[in-house]
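Step one of this worksheet: look at the structure below.
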Amino acid sequence: MQTTTTINKLHEHVDKTVTLQGWVYKTRASGKIAFIIVRDGTGLCQCVLERNEATEPFFDEAKKLAQESALTVTGVVKADDRSVGGHELSVTGLTPVHASTDYPITPKPHGIEFLMDRRHLWFRSQRQWHILRIRATIIDAIRRFYNDRGYVLIDTPIFAPAAGEGAQTLFPVDYFGDQVFLAQTGQLYLEAACMAHRNVYCFGPTFRAEKSKTRRHLTEFWMVEPEIAYASLDDVIQLAEDFICSIVTRVLKDHRDELVEIGRSLDDLEAIKPPFVRMTYTEAAELLRGPRVKEFLENDLAQKKTRVAELDKTIEELDAQAKGGGKQWQKEKAAAGAIEAREERSEITEQIANIPHHMELAANFEWGTDLGGSDETIISRLHDRPIFVTHYPASCRAFYMRGDRSDDRLVENFDLLAPQGFGEIIGGSAREEDYDRLLAKLKHENLPQDQYEWYLDLRRYGSVPHGGFGLGVERTVTWLCGLKHIREAIPYPRMMGKFYP
RNA sequence: UCCCCGAUAGCUCAAUUGGUAGAGCGAGCGGCUGUUAACCGCUAGGUCGUAGGUUCGAGUCCUACUCGGGGAGCCA
C-alpha cells in the first residue's frame, strides 16, 4: 500500500501515501505545526507536520531535527503550488535515521574560503547541486555527440614522458626513479589513433602546473579532444561549431528550470546558434588596437563608476535604516542589503582598477604575440555568439600545427571564445602532415627528435591532412551556467595552493 | 614570478580624525497551526591572522611573515 519513492516521482503519487528517504534541508516550526523541507538527492519537498494523534509520538523529536539530519518520512502527497517543487507531504510517520547537529553551512551567506574548505558539504546546497547536475548532462552530451557519430574513444596515457609542448608547466612525478609528467593533453597519442580509426576522441583529466590564480584556471580539469582524418581546418571548425550547438541544445532541453534557478538567462543561451563569428588573428589584433575597443572600455569604465556612486548612496541609506527605528526584521533586511551592496561595490572597484591596464594591453597589442586573457575577454564581451579566432602567428603556437601554405608566418589553428566575456573554451588546429616541415619545426623548437620518432612515424606511413581540438569541460560549464568562477564547475576543484578536501 | 586588496564572535559583517570591541545570523531556552532568508522574548559566545615596532594609549599607523581574494604572464 505504501511505497518508497523519490521526490522527482511525487507527481505519480498524488493523494497516495508514500515514504521518502532523505535529509533535512531546512525547518520552520511553530507550536503545533512544523515544516520540514526534505531533500533526497532528486529534489526538495516540503513535509508538513501537524500535531495530531498520528504525529504525537514523534512530533517533539521531529520538530527539533536540525539541518542535514537524515530521516525517512511517510505521508500523503498533496499537489500544492505554495510548496517548492509543486508537491508537499502531509506527514503521518517519521523516523530519524541520524541526528545532525551544528551543520556549518546555514541558509545565510558565507564567504568563499569557508565554503571551499567545506566543498564536501557545500555541494548539498541547491545552487551547487544544480550546477553539478548540469555538468553531468554536459558530459553526457559530449559523449553522445561523438559516440552517435561513430567516433572511437581512445584513452590516452596520464603518465607522459618529458616530451610535450613545454615541460615547465607540467607536474613532475617520480616513476620508478625516472621523471615523468602528468599529461596536459592526449593529442599526440590521439593523432596516432586517428590514423587507425579515422575519427577518434579522448576524454579525461588534464593537469597544468601553471601558477595561475584566476577565475578561469584549475590545475586539474577535464578535457575532451576529437581528432579527425582527411580533414581541413574548415572541417575541424565546422565540427567544433556543431559540437557546441549540440551541447547547448541539450542543456536547454534538460535544464531550463535549473538554469533559471541559478540565474542564467535562457535568452542568452538560445542565441547560441550557427553561424558563429569568425575572425583571423590579424583582424583580432586590429580590433584590439582600434577605436571600437577603446570606446567600449571607456564606456565600461564610465558605467562602472556610475554604478559605484549609486551603490555608495544605497549603502548610506541602508546603513541609516539598519541603525534607525522600525521593526527588527526591517533593520535586518537593510543590514543584509548593505552587505550585498558593499560586496558588489568592492567587486566593481576591483574591475575599475584593472580596466586601465587592460586598455593599455589592448591598445599596445603587438602582432606576433599571443592574445592575452584580458584581450580574449574584451573580444568575447563584444559578441553574443561564440567567436572563432583563426590563423595565429606560428611563433606563438605549438610545433605540430599546420603551416599556412599561403603565408609562412601563420598556422592553421583556431581558438573558440565563448561570448559575454567568458573567453576561451576551445583550442584546436589542423596538424602539420608534411614530414619535412614537421621535422623542421621540431628542430626549430629544439625538441629532442628521438623522443618524437614515434610521432614522426605518423608522417612516414600514410600521412594525411587531419586536425582536432580540445574543449575544457569546466570552462564550458562555467559559461553555460553563467558562473563567476570556474571553481564551482567541478566537484572537487584543484587550484594553486588548494587540494583539500 | 609580479601588481592590487583583505584577515575582528561558530558564520556574515560594523567600529567616525588612534581613546572602554558591536549587530544580525547560527547555538541553547521559552512562545506562536501555513511558514517560504519565518517571527517575538531571553541566555551564552572575543588573545581583533602571527611576530615585532611607533605612541601616554593600536582593531585602527609602520615593517616582516602566513593565509585568502582579484588581476598580469601562461593556458582549456
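The analysis underlying the following values was restricted to heavy atoms, covering all of them including side chains, and did not include hydrogens, waters or symmetry mates.
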For Trp222(A) and for Arg118(A), find the nucleotide of RNA chain B with the closest heavy atom, then tell me which residue's nucleotide is more 5'.
Arg118(A)
Answer yes or no as to whether G34(B) has its base stacked against Phe35(A), where stacking requires a ring-centre separation under 5.5 angstrom and planes under 30 degrees apart.
no
Lys294(A)/Glu298(A) ion pair, N-O < 4.0 Å
yes
Considering every strand and a 4.0 Å limit on heavy-atom distances, what is the contact class for Ile105(A): base, sugar-phosphate, or nothing?
nothing
Between the base of U36(B) and the side chain of Gln46(A), is one N or O donor paired with an acceptor at under 3.5 angstrom?
no
Below 4.5 Å, heavy atoms only, C-beta onward: do Val14(A) and His87(A) meet side chain to side chain?
yes
Please compare Glu474(A) and Gly373(A) by the position of their nearest nucleotide in RNA chain B and report the one closer to 5'.
Gly373(A)
Using only heavy-atom distances, decide whether a donor-acceptor pair under 3.5 angstrom links the side-chain of Ser212(A) to the base of C74(B).
yes
How many angstroms lie between atom CD of Glu241(A) and atom CZ of Phe388(A), to the nearest 0.5 angstrom?
5.5 Å
So what does Asp415(A) touch, heavy atoms closer than 4.0 Å: a base, only the sugar-phosphate, or nothing?
nothing
What's the gap between G26(B) and A37(B) when it is taken at their C1' atoms, as a whole Å value?
13 Å
Check every strand shown and say whether Lys26(A) touches a base, only sugar-phosphate, or nothing at a heavy-atom separation below 4.0 Å.
sugar-phosphate
Is the ring pair Tyr392(A)/Tyr281(A) parallel, tilted or perpendicular, if the boundaries are 30 and 60 degrees?
tilted
Determine the contact category for Glu376(A): base if any of its heavy atoms lies under 4.0 Å from a base atom, sugar-phosphate if only primed atoms, P, OP1 or OP2 are that close, otherwise nothing.
base
Donor-acceptor pair present, Arg216(A) side chain and C74(B) base, under 3.5 Å
no
P-based separation of U36(B) from U66(B) [nearest Å]
48 Å
Looking at Glu310(A) and Arg307(A), is there a salt bridge between them, counting it only when a charged N and a carboxylate O are closer than 4.0 Å?
yes
Check if the side chain of His217(A) and the base of C75(B) share a donor-acceptor pair of N or O atoms closer than 3.5 Å.
yes
Presence of Arg475(A) side-chain N/O under 4.0 Å of A76(B) phosphate oxygens OP1/OP2:
no
The side chain of Glu210(A) lies closest to which of these nucleotides: A72(B), G34(B), C75(B)?
C75(B)
Would you measure the distance from the C1' atom in C48(B) across to the matching atom in A58(B) and give it in whole Å?
11 Å
Let's test your reading of the model: under 3.5 Å, does the base of G34(B) pair with the side chain of Glu88(A) as donor and acceptor?
yes
Answer with base, sugar-phosphate or nothing: what part of the nucleic acid does Ile425(A) contact at a heavy-atom distance below 4.0 Å?
sugar-phosphate
Taking atom P in both U8(B) and C4(B), what distance in whole Å separates the two?
22 Å
Suppose you measure atom C1' in A72(B) against the same atom in C13(B); what distance do you get, rounded to whole Å?
31 Å
